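Here the structure comes first, spelled out in structure tokens, and everything after it is commentary.
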Amino acid sequence: MSVAQPLVARMRDFGTTIFAEMSALAVATGSVNLGQGFPDTDGPAEMLQAAADAITSGTHNQYPPGPGTPELRRAVAAHQQRFYELEFDPDTEVLVTGGATEAIAAALLGLVGTGDEVVTFEPYYDSYAACIALAGARRRVVTLRPDGQRWRFDPDLLRAAITEQTKVILLNTPHNPTGKVFDRDELQLIAALAIEHDLIVITDEVYEHLVFDGEHVPIATLPGMRERTVTIGSAGKTFSVTGWKIGWVTAEPALTTAVRTVKQFLTYVNGGPFQPAVAGALALPDPYYRGIAAQLQLQRDVMCDGLADLGYDVIRPQATYFATVDVHSNAVEFCRALPHDKRVVAIPSSVFHDSDAGDTHVRFAFCKRPEVLAEALIRLKGSAQ
Ligand SMILES: Cc1ncc(COP(=O)(O)O)c(C=O)c1O
């Protein structure tokens, strides 16, 4: 064995994530960090208190049950019923995971293997490529391109991406980094192809409640899709607790079992005291859910209007934490220079692509207090080309 190159071949394309590099640069330069997507305000007070109580009461400090606490599984099932009229059995069709990240990994490792292909859309959330590679599978990407203020894909290219080897379509709606909300027609096309080719759809819906324009439609609600869809959710974004890493999967029993079989050997369980707190938060009344979207929409508008006023070519997101600008120059060079020149950190969207379609796109996170965004915008003066 050589220690010079100990990393397995299938992971050699994956160095340190861009987020680590840019966050380190943010600290070193005293920059406003609009790179990584995490909010700078806390989630609902009653949820935070419930977690603290769960720790100090000593009731939730040991391993929770493998699939998650019964109360959280029931709360997830009730949430899917309340918002989407989807029925899931909390005992056989709900699995609690170490954030959506573990759910993505366990779903891919449990459902695809060597030689299989996974079709996904680029730009893509960075863990997708790594987990597909870990599974020994191959990814085929369909490019989302801006068309005015909307991101679209070519249906013919999606059809062409599906081969005899395709096993899974990996969807993310609302979508990071573009902020796109896949509309019903697009989802119907994806569903029709999944049914025609007998594919499983893994859908990452962590931004389901952070929608400003359009409507989030879970693909599992479309006819014929519930039985072939693995839906992934997370408390991180909905309740502004990205560090808690409480996620979940809802799917019919055989799919849930496949994901759980892998998940039990990754973390086994996590976040004992956070599970009852998230269970309570999921039952918060509608004004909470409307409030978080409204607040974030305000932040989106501050950021997008501000960037446009500075002369940036902004693509306004329909949802999520992120806005994209076209800097009409190399995005990686732009983002590496920005902390030094302007003391602001952003992420080059090109790192979320296989193709060169995002080479001039830069992603700014706007999930920050309006005064932080205002400061970033002041610093960004004169940075647009
Ligand atoms: C699209 C997408 N999926 C999954 C995750 C990770 O979710 P979690 O923090 O619950 O693991 C993120 C976080 O940024 C994301 O943007």
Side-chain angles (χ1 to χ4, degrees), residues 17-20 22-23 33-40 43 47 68 72 76 79 95-109 118 120-132 139 141 144 151 168-182 201-211 216 218-219 230-250 259 262-263 266-267 269-271 274-275 277-278 281-282 292 296 300 317-324 346-347 349 351-353 363-368:
T17 77
I18 189 78
F19 301 106
M22 287 299 172
S23 290
N33 189 353
L34 304 183
Q36 212 171 5
F38 59 90
D40 60 357
M47 180 191 71
L72 179 52
V76 168
H79 169 277
L95 174 68
V96 176
T97 57
T101 305
E102 188 193 34
I104 294 160
L108 287 166
L109 290 168
V118 177
T120 196
F121 296 88
E122 68 164 11
Y124 47 73
Y125 181 58
D126 62 345
S127 86
Y128 299 173
C131 291
I132 293 166
R139 71 179 177 272
V141 297
L144 296 171
W151 294 80
V168 161
I169 298 176
L170 175 53
L171 176 66
N172 172 212
T173 185
H175 183 264
N176 173 10
T178 63
K180 172 184 175 62
V181 179
F182 282 71
V201 173
I202 300 174
T203 177
D204 174 349
E205 303 187 356
V206 301
Y207 295 101
E208 63 191 312
H209 291 294
L210 307 182
V211 176
H216 170 59
I219 197 166
V230 174
T231 303
I232 294 171
S234 173
K237 317 289 173 181
T238 302
F239 302 115
S240 301
V241 282
T242 57
W244 283 17
K245 299 300 274 187
I246 300 293
W248 50 82
V249 164
T250 49
V259 182
V262 173
K263 180 259 175 327
L266 296 178
T267 56
V269 291
N270 74 295
F274 301 132
Q275 294 198 23
V278 170
L282 282 167
I292 176 142
L296 202 59
R300 175 199 67 172
Q318 293 172 269
T320 77
Y321 283 170
F322 309 108
T324 301
I347 297 287
S349 298
V351 300
F352 306 124
H353 281 265
R363 189 192 82 171
F364 287 94
F366 53 77
C367 48
K368 308 292 176 186

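Numbers for residues simply follow the sequence, beginning at 1. Treat the numbers as computed from the prediction; the structure is a model and nothing was measured. Indexing begins at 1, ligand by ligand and atom by atom, following the structure's order.
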- Message: side-chain contact (heavy atoms from CB on, under 4.5 Å), that's the test. Do Phe274 and Val96 meet it? Break it down for me.
- Response: CA-CA 11 Å; Phe274 301 132; Val96 176; over 6 Å; no
- Does any N/O atom on Ser234 come nearer than 3.5 Å to any N/O atom on ligand 1? yes
- Task: Mind checking whether His175 contacts ligand 1 via backbone (N, CA, C, O), side chain (CB onward), both or neither, at a 4.0 Å heavy-atom cut-off?
- Result: neither
- Query: Is there any N or O on Tyr207 that sits under 3.5 Å from an N or O of ligand 1?
  - Reply: yes
- In terms of atom number and element, which parts of ligand 1 are under 4.0 angstrom from non-hydrogen atoms of Val206? 2 (C), 3 (N), 15 (C)
- Task: Kindly give the heavy-atom pair with the smallest separation between Val206 and Ser234, and that separation in Å.
- Result: CG1-CB, 3.7 Å
- Task: May I ask you to list the atoms of ligand 1 that are less than 4.0 angstrom from any heavy atom of Asn172?
- Result: 1 (C)
- The protein heavy atom nearest to atom 15 (C) of ligand 1 is Tyr125 CE1, 3.5 Å
- Task: Please report the shortest heavy-atom distance between Gly179 and Thr320, naming the atom on each side.
- Result: CA-OG1, 3.5 Å
- Can you list the atoms of ligand 1 that are under 4.0 Å from a heavy atom of Lys245? 8 (P), 9 (O), 11 (O)
- Proximal ligand 1 atoms for Gly99, defined as those under 4.0 Å from one of its heavy atoms: 10 (O), 11 (O)
- Task: Just jot down the ring pair (Phe, Tyr, Trp, His ring centres under 6.0 Å) partners of Tyr207, sequence neighbours excluded, or say none.
- Result: Tyr321
- Query: Would you say Cys131 and Leu109 make side-chain contact, with heavy atoms under 4.5 Å?
  - Reply: no
- Do the non-hydrogen side-chain atoms of Gln275 and Ile246 ever get within less than 4.5 Å of each other? yes
- Note on the structure: min-distance protein heavy atom vs atom 7 (O) of ligand 1 -> Ala100 CB, 3.5 Å
- Message: Could you tell me if the side chain of Tyr128 sits less than 4.5 Å from the side chain of Asp204, heavy atoms only?
- Response: yes
- Item | Contact (N/O only, under 3.5 Å) between Gly98 and ligand 1 | no
- Note on the structure: side chain to side chain contact (heavy atoms under 4.5 Å, CB included) filter on Thr231, not counting sequence neighbours, yields Gln80, Thr203, Glu205, Ala220, Thr229, Thr250
- Contact check, side chains of Lys180 and Phe121, non-hydrogen atoms, under 4.5 Å: no
- Query: Given that the side chain starts at C-beta and the backbone is N, CA, C, O, which of these parts of Glu102 lies under 4.0 Å from ligand 1, counting heavy atoms, or is it both or neither?
  - Reply: neither
- Sub-4.0 Å atoms of ligand 1 with respect to non-hydrogen atoms of Asn176: 1 (C), 15 (C), 16 (O)
- Task: Using distance alone, decide if ligand 1 has a nitrogen or oxygen within less than 3.5 Å of any nitrogen or oxygen in Thr101.
- Result: yes
- Message: I need the atoms of ligand 1 closer than 4.0 Å to a non-hydrogen atom of Lys237, numbered in the order shown.
- Response: 12 (C), 13 (C), 14 (O)
- Contact check, Gln36 vs ligand 1, heavy-atom distance below 4.0 Å: no
- Query: In the protein, which heavy atom is nearest to atom 3 (N) of ligand 1, and how far is it?
  - Reply: Asp204 OD2, 2.5 Å
- Message: Is the positively charged end of Lys368 above the ring of Phe38, judged by distance under 6.0 angstrom from the centroid and angle within 45° of the axis?
- Response: yes
